[in-house]
Amino acid sequence: MPEIPKTYEANKYEDEIYKLWEKSGFFNPDNLKLPKNAKSYTIILPPPNITDKLHLGHASTIAIEDLLIRYHRMKGFRTLYLPGTDHASIATQNVVEKKLLKEKGITRHDLGKEKFLKEVWKFLRDTQATILNQAKKMGGSFDWSREAFTLDETRKKAVRKMFIDMYNEGLVYRGKRIVNWCPRCKSTLADDEVEYKEEIGKLYWIKYGPFILATSRPETKLGDTAVAVHPSDKRYKKFVGKKYKIPGVLGEFEVMVVADRAVDPKFGTGVIKVTPAHDFTDNEIAMRHNIPMKQIINEDGRMMENCGKYAGLTTKEAREKIVADMEKMGLIDHIEENYVHNLATCYRCGSVIEPIPSNQWFLAVDKKLKRLGNKSLKEKAIEVAKNGKIEFIPFRFTKRYIDWMTNLHDWCISRQIWFGHEMPIWYKNDEIYVGEKAPNGKGWTKDQDTLDTWFSSGMWTFSTLGWPASVKTMAGKPDKIIKTGDLARFHPTQVLETGYEIITLWVSRMIMMTIFALGEIPFENVYLHGMILDKHGKKMSKSKGNGINPLDMISKFGTDAVRLSLMMGSTPGNDAKLSEEKIESFRNFVTKLWNIYRYCTSASSNFILISDVRKEDLKSLSDKWIVSRVNEVIFEVEKNISEYKFSLAGEKLQKFTWDELADWYLEIHKLEKNDKVLGYILDKILKLWHPFMPFVTEKIYSDAKHKMLMVEKWPESDKKLIDKKAEKEFQELQEIIGKIRNIRSSYHIDLGKIISATANKISNKEIIEKLARVKIFSEKSTKKLIKVSSLGLDVAELIDTEKEKKSLEKEIENLENLISKNSALLANKNFLKSAPKEIVDNNKNKMLEYKTKLKTNKELFNNLR
RNA sequence: GGGUGUUUAGCUCAGCUGGUUAGAGCGUCACAUUGACAUUGUGAAGGUCACUGGUUCGAGUCCAGUAAUACCCACCA
């Protein structure tokens, strides 16, 4: 037998093990030898953005998803884990822009669209390769033959089809609306791409015809077309419905006074100026009262030609000038300094957002569709969460999802970004054509915008499984969708595992788009992990430099340790802290497991893993105990995994492996040498651990058995081997040994020294002698004795009587308290009446135990003189 | 302004539908160590389960409120 190294060297084995798995072909469910009716189990990897390398959040996703995947593969499911990446249009464009600026000092406009996109693709190929390599390093059992990218040819086709279908059903439309506009990115932003930052500014109280009103943006006065007050505000009732001439820096202009609920009578003077073109609330007011819109700010964030001498100034410059001019004209009542308000900024570049009116494409979320039972996408998307078709884990996120969906407005899907999905739209003067190819005839130009990145990622679960090629409709029943191929076999998927911060951006869109395309849900469960924070509970970020790079950790401690540390001690939806020390401690555990194997091979020259034992194979109490325990652990681990309690499952396994198997059974095996049981236990724990730490378990298993663990059958808990009586007896044995060790420790007796004890009749004598390092004689010695158990074992040694008395006194007092508490409970008629029988019996048994213990302790106390 | 978490040992966290003397890891202290493993073993100390009420035979667990803290949403004209 070749020498097995002392420690498991992860770096040495991991790559070759991964290659072994890949070569086997079992990552692809088509190669699994399964009965035809085997159920499928699918997870599509949330595609990481190709902007950067993977971080711990991704690592955590892969650790959890791959655990589920490996578990179900072993359980005999037709298991598919499909990998891919996301083009992340605006984010990627910004990264490349920054890079260009830094390296060559040029902007994308200097390069032009075509060359710029070439740069993007060059960048993308690099990061994409890095990401996929990292995903392999994490041990993810991905089916690489089905790898996808949100902007590859297959997905482009799917996206076009989706857009055209939605347009034809009237869900996608073009409209002039005010949008969040980033003057730097020169693009619209979705509501949730806007970040609010607190800013200390000024509040200007201005004289406004018959009113005084407060505004933080006096420059927008040039675009005012109305004044609004609250309908029930008595102060201003007489003004409502009338028109007034207002003096302004560019001369007089006319506004109408309207009453609208949106006005807060407590803010300022209770009067607001209405700028429909540059404020969302004002725009809504204007729509309700048919007030005209006057645009004064352009796409560069500058004042337009209609602003006279202010034309061309940025809004900030214009504000200063206009305020100065208004002051000269006596139009400023007063200026409130240090006014705290929230400023809308671009989540990508941080520039101030200007709301401006613009022609954009929208997805109607409230439009009712006949084929959806006359319900809108929004209604259907809420319905599937309410009726539990989609379950969120933890459950509380269901509410967050529903709340957000309820308030959802039409989704602006066009972006003025170069990098992204082109929209299949052509224009000719006022005509619009939507379709695969440009219409016949001259003068048609293609739309230059691209789609919001979430449009294509919203289609991720089905665009990766062959949609639209793999759907058919029946003649005469155009609404009935028939799935074929992968789509039929793997959709809906089972789980989406992602961070909770992405529910609104992504999860909701996937649900709506899948309902539209297939009339079904994209996934059954949404498992949400928290954020991975540093050891002080701070967010990891590049600027703080407190980030942990998963690849560094993998090369230092191995993938198994990294996966375990991301899994353990974290609960769904809650943030988890991670430190190098934590990963290190799990590396130690991997080594422990390795050494358990090492012991096994060294203890017997022809050690083999054994998948089944019979009762006759269990020779001793210890055998019965460990076999009983492992079968309980199988049951518990399986239960915990099915409830998504991975941390709990891992904890139980870890305790079993380290505290029960290594610390007790292995020591006893050195005496009893039942290799069959040892082989059985190791076989079981390797299988149970495999989804948590695939590499080390595979290495041991395939070395020992020359079979691939990844596709072995998951163990089943054998109820017949669970032996509660043996467990109780073994526990007593542990208590005796513990008590002797305790005595030894409290009297500072070296472990090297064998102490003597007397007992007339005792079982498992050798075990006690070895583990507690005692020599048991049948003759009573003349020395002082300490009785350590009711089984009749006495330990004789040099004993500090006073010390022992004190500890016995403490124990006696403790027991007496318990007994009085318990007897009061047992005397309580209400307790006897309402508590379940089990609990009552349990308490009665406990009572007996306490009393016996108390008796022996009292005897011992009296014996001490 | 509305909402959701979290609060349990020095630190990091478990504790499933209420029912053993509330657990673990790290850290601390004491001891051990020629082999499966110093990436180790044995033992010990350490907790009014944030606070105040309530429900219950019984509350770390359920309810109401308070406080600290983290986050989400809305948005401030």
Side-chain angles (χ1 to χ4, degrees), chain A residues 4 6-8 191-192 196 203 213-217 220 228 262-264 267-268 271-275 279-282 285 339-342 344 394 396-397 399-400 403-404 407 500-501 503-504 530-531 533 535 537 568-571 573-579 581-582 584-603 639-640 643 645 647-648 651 654-655 659 662-663 666-667 670 738 741-746 748-752 771-773 814-815 817-818 821-822 825 828-836 838-840 842-843 845-846 849-850:
Chain A
I4 297 168
K6 271 191 168 188
T7 53
Y8 169 73
D191 290 348
D192 36 51
Y196 290 92
L203 187 65
L213 55 82
T215 177
S216 61
R217 300 199 60 186
T220 60
V263 183
D264 176 5
F267 183 89
V271 185
I272 66 164
K273 59 192 215 54
V274 179
T275 322
D279 184 282
F280 285 93
T281 317
D282 292 5
I285 294 173
Y339 175 66
V340 181
H341 65 129
N342 281 333
R396 65 172 187 273
F397 285 99
K399 190 178 170 335
R400 192 191 278 192
D403 284 353
W404 189 82
N407 295 319
Y500 57 74
E501 72 278 2
I503 297 179
T504 52
M531 273 188 301
L533 308 172
K535 63 174 161 186
M568 304 285 265
S570 69
T571 38
N574 287 344
D575 296 344
K577 296 182 180 93
L578 186 73
S579 60
E581 293 89 322
K582 186 174 174 186
E584 192 183 351
S585 76
F586 283 108
R587 192 270 320 267
N588 295 353
F589 178 69
V590 171
T591 310
K592 188 76 188 178
L593 182 67
W594 181 255
N595 275 289
I596 289 172
Y597 167 58
R598 206 165 158 249
Y599 168 78
C600 292
T601 54
S602 71
K639 185 166 175 279
N640 287 153
E643 290 166 341
K645 290 174 185 164
S647 180
L648 214 55
E651 211 177 289
Q654 191 182 1
K655 251 184 211 158
D659 300 352
D663 290 348
L666 250 48
E667 292 307 319
K670 288 172 186 172
R741 283 169 173 173
N742 188 324
I743 289 167
R744 179 194 285 283
S745 173
S746 46
H748 300 288
I749 303 164
D750 283 4
L751 265 173
L771 297 195
R773 300 190 63 76
N814 191 9
L815 284 166
N817 277 338
L818 282 170
K821 226 164 104 184
N822 230 287
L825 189 63
N828 187 332
K829 275 179 196 159
N830 278 328
F831 172 70
L832 297 174
K833 204 171 64 190
S834 25
E838 272 173 43
I839 302 294
V840 178
N842 213 341
N843 277 61
N845 288 338
K846 265 189 295 176
E849 263 177 52
Y850 296 155

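Per chain, numbering begins at 1; letters A, B, ... match sequence-line order. Model, not experiment: these values are computed from the prediction.
As the counterpart of B:A77, no nucleotide is assigned, since no Watson-Crick or G-U wobble pattern has both distances under 3.5 Å. Using Watson-Crick or G-U wobble geometry with both donor-acceptor distances under 3.5 Å, B:U52 finds its partner in B:A64.
The nucleotide whose nearest atom lies closest to any side-chain atom of A:Asp663 is, among B:G3, B:C57, B:U42, B:U42.
Nucleotides B:C62 and B:A70, compared at atom C1', are 25 Å apart to the nearest Å. If you take atom C1' in B:G65 and the same atom in B:U21, they sit 32 Å apart, rounded to whole Å. Separation of the C1' atoms belonging to B:A74 and B:C16 is 36 Å when rounded to the nearest angstrom. Spacing of P atoms, B:A22 relative to B:C49, comes out at 10 Å, to the nearest Å. With both ends at atom P, the span from B:G3 to B:U40 equals 49 Å, rounded to whole Å. Of the C1' atoms belonging to B:C63 and B:A59, the separation is 11 Å, rounded to the nearest Å.
Salt-bridge annotation for A:Lys846 and A:Glu849: absent, with no side-chain N of the basic residue lying under 4.0 Å from a carboxylate O of the acidic one.
For B:A77, one of the phosphate oxygens OP1 or OP2 lies less than 4.0 angstrom from a side-chain nitrogen or oxygen of A:Ser216. Note on A:Lys577: a side-chain N or O is less than 4.0 Å away from OP1 or OP2 of B:C13. Within the structure, a side-chain polar atom (N or O) of A:Asn588 is placed less than 4.0 Å from OP1 or OP2 of B:U40. Residue A:Tyr599 places none of its side-chain N or O atoms closer than 4.0 Å to OP1 or OP2 of B:C37. Phosphate proximity of B:U39 to A:Arg587: absent, as no side-chain N or O sits under 4.0 Å from OP1 or OP2. Between A:Lys670 and the phosphate of B:G35, there is no side-chain N or O to OP1/OP2 separation shorter than 4.0 Å.
At a threshold of 4.0 angstrom between heavy atoms, the contacts of A:Tyr850 include nucleobase atoms, whether or not backbone atoms are also involved. A:Ala603 comes within 4.0 angstrom of no nucleic acid atom, judged by non-hydrogen atoms across all strands. Across all strands shown, A:Ser585 has no heavy atoms under 4.0 Å from either base or sugar-phosphate atoms. No engagement by A:Leu832 is indicated, since no non-hydrogen atom pair under 4.0 Å with the nucleic acid exists. Residue contacts for A:Lys6: at a heavy-atom cut-off of 4.0 Å it reaches the sugar-phosphate backbone alone, with no base atom in range. Nucleic acid contact class of A:Lys645 (heavy atoms, under 4.0 Å, all strands): sugar-phosphate only. When heavy atoms are screened at a 4.0 angstrom cut-off, A:Thr571 is found touching the sugar-phosphate backbone but no base atom. At a threshold of 4.0 angstrom between heavy atoms, the contacts of A:Asp575 with the nucleic acid are absent.
Taking 3.5 Å as the limit, the base of B:C37 and the side chain of A:Lys592 contain a donor-acceptor pair of atoms between them.
Side chain of A:Asn574 to main chain of A:Gly530: no donor-acceptor pair is present (N/O by atom type, distance under 3.5 Å, no hydrogens or angles).
Ring planes of A:Tyr500 and A:Phe397: parallel class, angle under 30° (limits at 30 and 60°).
The CZ-C1' distance, from A:Phe589 to B:A24, rounds to 14 Å in whole Å.
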